[in-house]
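For reference, the structure discussed in these notes is given below.
We name chains A, B, ... by the order of the sequence lines, and we start the count at 1 in each one.
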Number of protein chains: 2
Amino acid sequence: MEIELQIKMNEKLFLRNPEHSELGKKIIRHSIQLIYKNGFESFTFKKLAEDIGTTEAGIYRYFENKHRLLIYIAAWYWSWLEYRVSVNTNNLKDPAVKLKKVIKLLATAVEDDIKTTHVNENILHQIIIAEGSKAYLTKHVSEDNKDQLFKPYKDLCAAIGEIILACNPKYKYPKSMASTIIEMAHFQNFFMNNLPALTDFGKEKDELKIVSFLEELVFSSIKKGYPG
Amino acid sequence: MEIELQIKMNEKLFLRNPEHSELGKKIIRHSIQLIYKNGFESFTFKKLAEDIGTTEAGIYRYFENKHRLLIYIAAWYWSWLEYRVSVNTNNLKDPAVKLKKVIKLLATAVEDDIKTTHVNENILHQIIIAEGSKAYLTKHVSEDNKDQLFKPYKDLCAAIGEIILACNPKYKYPKSMASTIIEMAHFQNFFMNNLPALTDFGKEKDELKIVSFLEELVFSSIKKGYPG
DNA sequence: TTTTAAAAGATAGTATTACTATCATTTAAA
DNA sequence: TTTAAATGATAGTAATACTATCTTTTAAAA
């Protein structure tokens, strides 16, 4: 039996659903590779088309512009992460154990077991670290947000917020704590590898140190101590 | 007696020092306004030149490209913040009181008393919140970092790290905690105003709530309790 | 006060980017 | 088998991101 992970994406994220055709899947796969290789700024639909072996106009039939494509990729990532969080935590009772698991999922590289056909999740993780915030750091965030383009991020944040509240129902900032964990899992990683003076992990470059930092940060704040 | 705040900037940040001429100062002032108004993506040297009443070529004599100009503006902001941190904390003995002061300086809008002639600091604060991370989220961070372009950020981070260590010399993550405070002071503000579901401050939109959140986060982690 | 050099203005030009439009051909669904 | 949808091929445009050159203005040195 072959199981393929299909994530249902918001229709507003694209002009034509890239999951529904070979070309569409190629667009996603190759844009992830190209953005990883050269960064989002130097990424263009022309280069992408050449890389795939199609034409610029072909790409424009799927996505309005490269920023929309970035939002799509980010949304896919957040949906996928929420899926992994739910799979990896719903058999756990202790919310503190759950929260530890969440931090680990956020802050460490993916073990490449559950392979979805057309996405390299490790590279995806890397580009979301470096380019992910550009999806919402724009003048048109609010309109994009009205179109629900950031729903997967907000859902993940809400889910983590729930776990935090389960640890301590009186904690006052579950959602801000959740977004802090998410953003810092990524930023501390980026800093560690690129601006090490901004972290305490520059020498070892060990993701597990980020996990320890975040765990200490979170659990001392929500005051439930460490789980086993 | 007239005192003007002059911040010495790294020579590699520009081709010609914008502080040394009227045109240069106009470039800084007007770019801050334009980026604030339309966002960094739609900001171009052409538009800037028209806004100022000079030519594109004129701007290029000061800055290699718009990204360098953003780095310059960000560097100026971080230098200015470090200056304000030192002015506002060096008469304080208790490091915990110092740290509270730092959090407030980072997370709340500027009282526009100390006016530097050509920069609107409130608008500057806003654009750093929305665009600041784009200064380093690039493929060429490491080279830029070698040119010391991010030194002001790193210095500020180091200074805050020192205060954290003064609170608790055994705390293991002073620099990561410092960069977390800095980034979250900005991101929680951006989220509060643009993606409120990611925070617990969406309704009131009150910066002081962010201050409370950060204080609780920081002090429960470094375990020295709140100052008076 | 003149000379000289640096800065700014004016104008032109190029390659690339970010699209839109059209028409022919292939592929897949009815 | 027909018909529509998707793709390919090609062209074209406005804007962006520059570089180059030449003239005029401004400011500093002799």
Can a salt bridge be assigned to the pair B:Asp51 and B:Lys26 using a cut-off of 4.0 Å between side-chain N and carboxylate O?
-> no
Does the side chain of A:Ser133 reach to within under 4.5 Å of the side chain of A:Phe187, using non-hydrogen atoms?
-> yes
Take atom [atom1] of [X] and atom [atom2] of [N], then tell me their distance rounded to the nearest Å.
X: A:Lys25; N: D:dA6; atom1: NZ; atom2: C1'; value: 15 Å
X: B:His67; N: D:dT16; atom1: NE2; atom2: C1'; value: 17 Å
X: B:Glu56; N: D:dT21; atom1: CD; atom2: P; value: 17 Å
X: A:Glu22; N: C:dT26; atom1: CD; atom2: C1'; value: 16 Å
X: A:Asn38; N: C:dT17; atom1: CG; atom2: P; value: 11 Å
X: A:Glu41; N: C:dT17; atom1: CD; atom2: P; value: 13 Å
X: A:Phe63; N: C:dC19; atom1: CZ; atom2: C1'; value: 17 Å
X: B:Leu15; N: C:dA7; atom1: CG; atom2: P; value: 12 Å

Quick check on [N]: is either OP1 or OP2 less than 4.0 Å from any side-chain nitrogen or oxygen of [X]?
X: A:Tyr60; N: C:dA21; result: no
X: A:Lys47; N: C:dT17; result: yes
X: A:Thr54; N: D:dG8; result: yes
X: B:Arg16; N: C:dA8; result: yes
X: A:Ser21; N: D:dT7; result: yes

Heavy atoms from C-beta onward define the side chain here; which of [options] lies closest to that of [X]?
X: A:Leu23; options: D:dT7, C:dG9, D:dC18; answer: D:dT7
X: B:Arg61; options: C:dG9, D:dA9, C:dT11; answer: C:dG9
X: B:Thr55; options: D:dA9, C:dT11, D:dA17; answer: C:dT11
X: A:Tyr62; options: D:dA9, C:dC19, D:dA6; answer: D:dA6

Is B:Lys139 close enough and on-axis enough to A:Phe40, meaning under 6.0 Å and within 45°, for cation-pi?
-> no
Decide yes or no on salt bridge (Lys or Arg N to Asp or Glu O under 4.0 Å) for A:Glu41 and B:Lys134, but give the supporting numbers first.
-> CA-CA 10 Å; A:Glu41 275 68 40; B:Lys134 295 172 192 169; over 6 Å; no
B:Tyr136 ring center near A:Phe191 ring center (under 6.0 Å) | yes
